[in-house]
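Please read all numbers here as calculations on a predicted model, not as lab measurements.
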There are 2 protein chains.
Amino acid sequence: MNPFATHFESLEEFADRVSELLQCPITIEDANHRLIAYSGHEHYTDPARTATIIHRRVPERVINSLWREGVIPKLLQSEEPVRVTEISEVGLGNRIAISIWKNKEVLGFIWAIEMNEQWTEQQFHLLKQAAKAAKNLLSQLQIRKHKKEERIQEFFWKLLTGHVSSPHDIVEQCHQLNVHVYPFFSVGIFQFQQQIQTQVERQIDYLLKTTQQLAIPLYTIDHQRLIVLVAPSSNVYGEANIERFFRSFMTQMRERFRVDILMGAFGNVYECYTKIAKSYEEAQTVLKMKRAFPHQLANIQSYQHLGMYQFFDLLFEQKRHGDFHNAALEKLKQYDAQHHTNLVETIETYLDCDSNVNETAKTLNIHPNTLAYRLKRISEIGNIDLSNMSEKVKLYIDMKLDKYRTT
Amino acid sequence: MNPFATHFESLEEFADRVSELLQCPITIEDANHRLIAYSGHEHYTDPARTATIIHRRVPERVINSLWREGVIPKLLQSEEPVRVTEISEVGLGNRIAISIWKNKEVLGFIWAIEMNEQWTEQQFHLLKQAAKAAKNLLSQLQIRKHKKEERIQEFFWKLLTGHVSSPHDIVEQCHQLNVHVYPFFSVGIFQFQQQIQTQVERQIDYLLKTTQQLAIPLYTIDHQRLIVLVAPSSNVYGEANIERFFRSFMTQMRERFRVDILMGAFGNVYECYTKIAKSYEEAQTVLKMKRAFPHQLANIQSYQHLGMYQFFDLLFEQKRHGDFHNAALEKLKQYDAQHHTNLVETIETYLDCDSNVNETAKTLNIHPNTLAYRLKRISEIGNIDLSNMSEKVKLYIDMKLDKYRTT
DNA sequence: CAAGCTTTTGTGGATTTCCACAAAAGCTAT
DNA sequence: ATAGCTTTTGTGGAAATCCACAAAAGCTTG
């Protein structure tokens, strides 16, 4: 019944047996992604696997990708196999992974490369049996897995994805990893123009290690992104300090190393380390909004200064349900279409310019009186009171949400 | 085993039997709330039951309350008993109700008055058995329940609560009920100062029937509220027409009949009758926001002009999860507390006044230059760019959400 | 194309805003 | 109490806004 119910001389023999049964290459790692065993059959092997075997551990950048994609979180949460679709940036092909459990603790992982065909139920079942069998084999190995040995970057990813326990545990783990704990922090992201090469990694490391503006206890690189935990020295001017550091970092990368950074963003400054995940999400929101509104948010880096765009994901979700229909905006659009006018563009620019007549007129290349006339028509056609803040806000948000939809 | 497995001479005998077993008064109605049978034992009877028995039907206002409270929707959806807590405005005591089903259709209802003690599991079980037994007795009765006989008000409540089928069915039902179908409509609510008495009902009916401004195909009265379906003649000026009608209705009620209406509100104008429930909800939202922001929304009646307050329930919900923390606002509050200043009030008034310096200064009774100075301080302390619409919006919404929380 | 409409641009003057500077008033801590 | 700070109010001039009115240009429609 159970094809793994025999005695295995070594873990390699076990890996070969699994590989034979599943007809694909097998890799077994411990909980810290160090290689334990791998099958030797002649099969296609993707670059990520090759590198893992050569260095006897999974490359950092592969692990980073797996965290970001949510693969490792899933593996740490359930005993079910997880399918990983190709992550070509790190040379990872289609994979199936499963975690090896003992007493509610993950001992390690089995990785299978998915060959050409989709897996059958039978194959998934076999993999689960293999994971059960591996449990006994691994626990005999007396694998040293002190927390000290966990690598810093993976720890950072755990914090970023919210896979953490109590604040106290976090602090303790920081001490063990020799990571200084600061009273305030924020998570920042730099979006690079291209994938970050090894050489650039060294340059980043250099800049981060030598900066005096604030402390950077943790950082990690993921494909085109550099993610940093920044710790400003004071709470009051924390945000301004981070802002300054971000600008100078981007300038230095460009001027010294000719590496262009598309944009930087960071979340709120928090005190409790369990909020790292939140700050990270906020930073991601900033990036998302900067992509959707490159012009408006060109100079914005912090979540705090995202202004109303903080609400946009939430509002957009609701709008998709057909809520927040704006009759005024509809009428203006209709008028524009029928009479070849630019009322919507006019009011949007006007609000962009904070209701400043001169600035708006200049931006639109029209006479200020033309603008005044248009505004009068807008309030007539749309039945809008343009001296009412609440109505202006509604109209502004609805227009921007419209734009957000098209991106 | 089953206490109802015997032969009953009449439905009255059945009602008496149920009453005996449950030790409480029992009333049996058909699907249109007409009285079919009732128990005659000497028990306490609430005013609603007395009126039902005397008129051989449940009073309109009781039915309206039951729809609004969601009792009838529940009864029409499941075969489980529903507990109704006292609705004293309509003389309804604590009740237990259950619907009588046959072939996925509701034939009628059994109502039990809950006497002093809470019901036991045993009692609920008995009631369910009674409902099953009533099914056979009722279906023998060949109860005439043509849709024509369904009363108009109940039909309106079905529309309001979204218990409707296809638009086509709705139109057909309208024809059967002799209700004219108009191309556009909106749902409006008038909130009266006191419960609406019979005399006032007649006055309302008179005014609604004689108005020429727009058509009112359906209306219903519920405790302190009058709910109307209004049909403006044109789509373009529909909202303005409704607005005018609302004002004149309120004026006339006050001047002719000395009846004060606290406020009126109406939802969006739609074309499809399935959207009546949505328009009704929007009208309710307007009332809610008018209660929370009586000053700002004093002159607002339509959902369309609710402006940004349309978002508030949604945003507030998210804010309760700890999102949207506004550091700028926090700093201003803190500064106010430490230095006995009014920065928050100042900026809120300034934004209320649409960034109009003169108006704000007059409202706050300060010199315009004082305002300018305060604004400069606000932008310094809060690190806010007051000429950035997005930041202003964020700050404004956060301040108003703060107020919303305290109401 | 001519009439009637909307839209753009122009002019001028009353009003408001913006800004710099300064005096006065108020608060706080030594 | 006094020095040092913040806050309020005042003055005046440049700039911007607002408003009414009007000419010109553009478009739609019969």
Side-chain angles (χ1 to χ4, degrees), chain A residues 234 236-237 240 328-389 391-392 395-396, chain B residues 234 236-237 328-389 391-393 395-396:
Chain A
S234 106
V236 188
Y237 301 110
L329 185 54
E330 289 309 314
K331 280 183 191 153
L332 290 179
K333 278 185 193 170
Q334 197 186 328
Y335 194 92
D336 273 355
Q338 278 179 6
H339 300 84
H340 312 291
T341 46
N342 304 304
L343 298 187
V344 174
E345 186 199 1
T346 303
I347 184 65
E348 186 173 354
T349 311
Y350 178 67
L351 294 177
D352 275 340
C353 295
D354 189 42
S355 309
N356 182 310
V357 174
N358 257 331
E359 198 184 331
T360 314
K362 266 177 205 152
T363 311
L364 291 172
N365 285 315
I366 56 173
H367 194 278
N369 281 357
T370 305
L371 177 60
Y373 171 73
R374 285 193 194 169
L375 291 175
K376 198 185 70 154
R377 295 290 287 138
I378 286 167
S379 73
E380 284 167 5
I381 294 165
N383 188 19
I384 310 166
D385 178 4
L386 281 179
S387 63
N388 179 318
M389 182 67 178
E391 288 206 28
K392 271 161 62 164
L395 184 62
Y396 194 52
Chain B
S234 107
V236 188
Y237 301 111
L329 186 53
E330 289 308 315
K331 281 184 191 152
L332 291 179
K333 278 185 194 169
Q334 198 186 327
Y335 194 92
D336 272 355
Q338 279 179 5
H339 300 83
H340 313 291
T341 46
N342 304 305
L343 298 186
V344 174
E345 186 199 2
T346 302
I347 184 65
E348 186 173 355
T349 310
Y350 178 68
L351 294 177
D352 275 340
C353 296
D354 189 43
S355 308
N356 183 309
V357 174
N358 257 331
E359 198 184 332
T360 314
K362 267 177 204 150
T363 310
L364 291 172
N365 285 316
I366 56 173
H367 193 279
N369 283 355
T370 305
L371 178 59
Y373 171 74
R374 285 193 192 168
L375 291 176
K376 199 184 66 147
R377 294 291 287 139
I378 285 167
S379 74
E380 284 167 4
I381 292 165
N383 188 19
I384 309 167
D385 177 5
L386 281 180
S387 62
N388 179 319
M389 182 67 178
E391 288 207 29
K392 270 161 62 165
V393 168
L395 184 61
Y396 193 52

Whole angstroms only, please: what is the [atom1]-[atom2] distance between [X] and [N]?
{"X": "B:Leu371", "N": "D:dT8", "atom1": "CG", "atom2": "P", "result": "10 Å"}
{"X": "A:Ile366", "N": "C:dT9", "atom1": "CD1", "atom2": "C1'", "result": "11 Å"}
{"X": "B:Leu375", "N": "C:dT16", "atom1": "CG", "atom2": "C1'", "result": "15 Å"}
{"X": "A:Gln338", "N": "D:dC27", "atom1": "CD", "atom2": "P", "result": "17 Å"}
{"X": "A:Lys376", "N": "C:dT6", "atom1": "NZ", "atom2": "P", "result": "10 Å"}
{"X": "B:Asn342", "N": "D:dT6", "atom1": "CG", "atom2": "C1'", "result": "14 Å"}
{"X": "B:Leu386", "N": "C:dC19", "atom1": "CG", "atom2": "P", "result": "12 Å"}
{"X": "B:His340", "N": "C:dA25", "atom1": "NE2", "atom2": "P", "result": "22 Å"}

Would you say a side-chain N or O of [X] is under 4.0 Å from OP1 or OP2 of [N]?
{"X": "B:Arg374", "N": "D:dT7", "answer": "no"}
{"X": "B:Thr370", "N": "D:dT9", "answer": "yes"}
{"X": "A:Asn356", "N": "D:dA16", "answer": "no"}
{"X": "B:Tyr373", "N": "C:dA20", "answer": "no"}
{"X": "A:Arg377", "N": "C:dT6", "answer": "no"}

Earlier contact from the 5' end, DNA chain C, for B:His339 and B:Ser355: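 So the residue in question is B:Ser355.
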
Between A:Ile381 and A:His367, which has a closest nucleotide on DNA chain C that is more 5'?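 Its nearest nucleotide being more 5', the pick is A:Ile381.
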
Give me the one residue out of [options] that meets side-chain contact (heavy atoms from CB on, under 4.5 Å) with [X].
{"X": "B:Leu329", "options": "B:Ile347, B:Leu343, B:Ile384, B:Leu395", "answer": "B:Leu395"}
{"X": "A:Thr349", "options": "A:Asn342, A:Val344, A:Leu364, A:Leu371", "answer": "A:Leu364"}
{"X": "A:Glu391", "options": "A:Asp385, A:Leu386, A:Asn383", "answer": "A:Asp385"}

Select one nucleotide: of C:dT7, D:dT6, C:dT17, the one nearest the side-chain heavy atoms of B:Tyr335.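 Among C:dT7, D:dT6, C:dT17, the one nearest the side chain of B:Tyr335 is D:dT6.
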
Looking only at side-chain atoms of B:Asn369, point me to the closest of C:dC19, C:dT7, D:dT6.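 Taking heavy atoms from C-beta onward, the closest nucleotide is C:dC19.
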
Under 3.5 Å, is there a donor-acceptor pair linking the side chains of B:Tyr350 and B:Arg374?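 No donor-acceptor contact under 3.5 Å links the two side chains.
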
Test item: B:Glu380 and B:Lys376 side chains (from C-beta on) under 4.5 Å apart, heavy atoms: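 Side chain of B:Glu380 against side chain of B:Lys376, heavy atoms only: contact under 4.5 Å found.
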
So what does A:Asn358 hit on the nucleic acid, given a heavy-atom distance under 4.0 Å: a base, only sugar-phosphate, or nothing?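 Sugar-phosphate contact only - A:Asn358 comes under 4.0 Å of backbone atoms but never of a base.
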
